[in-house]
Every structure is written in C-alpha cells, then in structure tokens.
Amino acid sequence: MRSNRKFLVPAILSILVSLPAGATIFPTSDEDGTPTLAPLIEKASPAVVNIATTGTVEIRGRRNNPFQNDPFFRRFFNAPPHHFQSAGSGVIVDAENGYIITNNHVVEHADSITVTMFDDRVLQATVVGKDPASDLAVLKVDSDGLQDIPLANSDAVRVGDFVVAIGNPFGLQHTVTSGIISALGRHGINPDGYEDFIQTDASINPGNSGGALINLKGELVGINSAIISGGGGNIGIGFAIPSNMVHAVMKQIIEFGEVRRGLLGVQIYSLTPALAKEMEKENALGALVSEVSEDSAAARAGIQPGDVIIEIDGKIVKDSAELRNTIGLKPVGENVRIGVWRDGETRTVLARLGEQVQSTPLAGAEIHAGLDGASLLGTRPADGLDGVRVVSVEPNSPAAKRGLRPDDIITKVNRRDVANLQQFRERTAGAEVLLLTIRRGNSRLRIPIQ
C-alpha cells in the first residue's frame, strides 16, 4: 500500500490555519499567522541552563538503577573510585533568589557544579538541598539578569496535550524537541522512590535530565528525569517529574535543606477487582489498609485494618502508590482529611501526620570503614523495636567479612542504646572501634568493627 505520509503535514497545517480566531492549537508567527513554536521557545529558553559537574564516585557492584543506561552514569557501575565529569540540565524557577531545579542524579556525587546560562555566562552553583527519593535537587546561583519559568498545575495536564522538551542532550546545548503527553501517573521505574511520572514522546536523551517539559503556554509541566531505552538513546518513552511534585519538594528543600515527609502509619496494598468484589465494593479504586501502627497518625484518626482509603483532601486515591506519593509529599504536622470506605459506608477522618523515618539508605562507609558495603536505615514499625536496620550487605565487602547480614537490627553501639539513624551517627562519630549489639531474629549478638 502506498503511504500518504507526504500529504499529512500540509493537511494538518491547513486545518490549523483555518480554525476560528482564538482556536489555533499552536502559537503563530507575527508576520503571517503560520503555526510555529518559535515565540514560545524564545520566551522559555533563557530559563533552561546547562549543568556540568565534577566529582569522585565509588559504586561497588551493579544496582537496579533506572539511570544506569545513561551513558554519563553507566560507566560508574562496576567501577573503582575515580574522578568524573558529567553534564545535565536545569531550570531556573526563582530568578530573584537564583534557585535552579534539577535531578538529584545530575549532581549526586558532584564536588563542583558549573552552570552555563542561555547567554553563555558561566556561574558556580551551590547545592541548597537534595531529595534522592524524588530525584530532585535545588541549586543556587548568585547573579543578576536571570529569567525564570512559571510552574503549571500538573494536575490539570491531560493525555494528548502538546509539550516541548528543552535541555542539553549529549552536550548539545538548548536542544528543543516536541511531542505530546503520552500517559500520566506512571510509577514502578524506581520502586524505592516517590513517583508520579508524566510520560511523553518528546525526545529525551542523556543530558536532558533536569531540563524543562513545558506546555504551549510556556509553563513548566515537569522536570525531565528518565528514559526507557535499550541502547541509551530515545525511543519515544520519556518521563518527567510533574510540576506539582517539583513545587512541593522544592518548597521544603528551600525551607529546611531537605524534605521532611509526613507519615500516616499504615501498611497498604492496592485493591484488585477480585478483592473489591469480595469486599462488595463497587470499584477497585483505593488503598487497602492491612496494618495500622500503634500510636500513629492513622491510629489516632480511627483508621482500622480492612479500611480502604479512597480520598486525601478531596482527591481520589487510585491505588497504594498514589496514596504513598500523596502522603509522602505532605510535610510533617499537616492535617489531612482522609476519605475511608468501611463495610459499605464512606466516612471522613482527620489525621495529623507524623514524621517519616529516613527513606534513603545510608552507606555504611560514611560511618566507618569496617561497615563499607552495608546499607542502613532506621527501623520501621513492623520491625518491632527501635534501632538501625541493615538493608543490604554486598558480598565480600568489609561489612560482610565482619559478619553483618541483611535484616540485622543494630540496637546498641559501644553499649549505648541506638533508637534511630541520627542517633547511630552521633554514637559512632569519631569512634575507631565499634561494638555493635545486634538483634538477628530471636538471637542477640555482639559484633566488633575495627
């Protein structure tokens, strides 16, 4: 069959130009009214910057990381410590104060960060704060003459909306690509993170990370973050962090230097159609509560195991991932109205969120050389006791050779109780020798770390 592709573009342009006044889909040229994105790009481009970093990394063994296919980062996997240079993009979101938003993975191991502006000015940037869980970071530069970009309401974005990506793929500064919103609410790319990705077919390649995804009003819809690719290049499946998430994270980083996430205190599962039918619930929307932590925000609000959380502050909760994202982006101490389905009836309760323990594992090497290879986190309510949990131990690492195992709970350091990760840091500061008291299943043991 003969292709009609060569007739497609003229036909579309004819339709666009013939639309009634005020109904044109694309911006138009001032000269003859021809559809063009040029005015939009000219307005937004000065807010997008190139970010160059240098630093030293040490990554032992391969990890399940969504960015390991990025050529800028792939060379770090299974590699010894070494000096690196890398590049990405960023977006000026507050010109008056010099704040730039980018991806955490762009600046994660950086010792020096250089920002090149649209007008070729080169500035040194400092890190205001980073949030690995959402893969966002806020930088700051001191300069006059900056131009920022307004944030869109990403909750209003629809599949099929036209978007434009601006960034620095493969070091090619201020490259512009266009496409549409392909899907919303994507998650599962980095299961340990907070995700609500916008999927787009606008070409996103290595170096686009941290760049802008904008709508046809010139507003920031999202921060480009990741791609699915077999060979490191674009295949039309890219992901951006929605602007509402960007705003929530950025606000806390600027205020506190970190994100202090609220905690509801529930174990949850997504409903399935079969489970919803068994519960005599008319649809599978919501998150099923399987466990409520004692003295948590949920317990004080009267939430019970078997409840289905269907709304947060009037917004429908589709599944457990959406509930986790919604609560995780609210600050500690915030009051939230929670819609609960129980035994065929819907009720609303008010919960004041508690403080979530650190969600990003701490590398044991940051504490002591003898703990190198171990990843550590504060304990969870399900662990049943306070302390520090060993999340993982790399084979043949110093931590493994000293006898540490995954799921060990460190309860004491040098005979002093340890309640959380922060206290663990305090107890180990400056110590050459650590005597760890560990709970392993029903056993207690002591492991010296020298």
Side-chain angles (χ1 to χ4, degrees), residues 27 37-56 70-73 83-130 135-152 164-178 202-215 217-225 240-241 243 246-247 249-251 253-254 257:
L37 296 174
L40 173 72
I41 306 307
E42 290 166 359
K43 180 179 179 181
S45 288
V48 182
V49 302
N50 175 269
I51 296 176
T53 65
T54 60
T56 303
D70 188 323
F72 286 117
F73 296 94
H83 191 71
F84 73 88
Q85 294 180 331
S86 190
S89 306
V91 182
I92 302 172
V93 289
D94 184 340
E96 182 177 353
N97 293 296
Y99 290 131
I100 296 172
I101 196 82
T102 187
N103 286 142
N104 173 71
H105 76 266
V106 170
V107 298
E108 185 174 12
H109 301 288
D111 298 323
S112 174
I113 303 172
T114 302
V115 174
T116 302
M117 315 302 290
F118 183 68
D119 59 7
D120 293 329
R121 283 181 294 163
V122 179
L123 306 172
Q124 290 297 311
T126 57
V127 177
V128 179
K130 298 182 288 186
D135 193 31
L136 289 170
V138 178
L139 311 180
K140 181 176 174 60
V141 293
D142 293 320
S143 179
D144 297 327
L146 301 179
Q147 179 177 318
D148 54 28
I149 189 168
L151 271 65
V164 175
I166 308 176
N168 305 283
F170 301 109
L172 300 171
Q173 294 192 21
H174 286 87
T175 294
V176 178
T177 57
S178 66
S203 292
I204 296 173
N205 288 289
N208 270 114
S209 292
L213 188 71
I214 64 175
N215 60 22
K217 296 179 182 178
E219 300 169 328
L220 185 71
V221 170
I223 294 294
N224 298 321
S225 181
I241 302 167
S243 56
V246 171
H247 180 264
V249 170
M250 180 179 67
K251 182 179 178 181
I253 287 178
I254 291 173

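In this chain, residues are counted from 1 in sequence order.
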Run the side-chain donor-acceptor check on residues 122-130: report pairs under 3.5 Å with partners two or more places apart or on a different chain.
unit_1: Q124; atom_1: NE2; unit_2: T114; atom_2: OG1; d: 3.1
unit_1: K130; atom_1: NZ; unit_2: E108; atom_2: O; d: 3.2

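Evaluation of the ring pair (Phe, Tyr, Trp, His ring centres under 6.0 Å) rule for F118 yields H174 as partners, not counting sequence neighbours. When the side chain to side chain contact (heavy atoms under 4.5 Å, CB included) test is applied to S243, the partners found at least two apart in sequence or on another chain are L151, A152, S154. Qualifying side-chain hydrogen bond (donor to acceptor under 3.5 Å, both in side chains) partners for N215, counting only residues two or more places apart in sequence or in other chains: E219. Applying the side-chain hydrogen bond (donor to acceptor under 3.5 Å, both in side chains) test to T53 and every residue at least two apart in sequence or in another chain returns nothing. N97 meets the side-chain hydrogen bond (donor to acceptor under 3.5 Å, both in side chains) test with D94; sequence neighbours excluded. Qualifying salt bridge (Lys or Arg N to Asp or Glu O under 4.0 Å) partners for D119, counting only residues two or more places apart in sequence or in other chains: R121. Qualifying side-chain hydrogen bond (donor to acceptor under 3.5 Å, both in side chains) partners for Q147, counting only residues two or more places apart in sequence or in other chains: none.
If you take CE on M117 and CG on N50, they are separated by 11.0 Å, rounding to the nearest 0.5 Å. The distance from the CG atom of N104 to the CG atom of L136 is 8.0 Å, given to the nearest 0.5 Å. To the nearest 0.5 Å, atom CG of residue L213 and atom CD1 of residue I241 are 11.5 Å apart. Here the CG atom belonging to L37 is positioned 8.5 Å from the CD1 atom belonging to I214, to the nearest 0.5 angstrom.
Put simply, the side chain of D135 gets close to the backbone of H105: a donor and an acceptor are under 3.5 Å apart. The main-chain N or O of A212 is found under 3.5 Å from a side-chain atom of N224 such that the two form a donor-acceptor pair. Looking at S89, its side chain does come within 3.5 Å of a backbone N or O of N168 through a donor-acceptor pair.
The two residues I149 and A44 have their closest heavy-atom pair at CD1-CB, 4.2 Å. Closest approach of S225 and S209 over heavy atoms only: O-OG, 3.6 Å. Scanning both residues, T102 and G210, for their nearest heavy atoms gives OG1-CA, 3.7 Å. For the residue pair A110 and I113, the shortest heavy atom distance occurs at CB-CG1, 3.8 Å.
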Practice problem: Just do the side chain to side chain contact (heavy atoms under 4.5 Å, CB included) check on V93 and V246 with the steps written out, would you? | Solution: CA-CA 10 Å; V93 289; V246 171; 5.6 Å; no
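Within the 4.5 Å cutoff, side-chain heavy atoms of I101 are placed close to those of V138.
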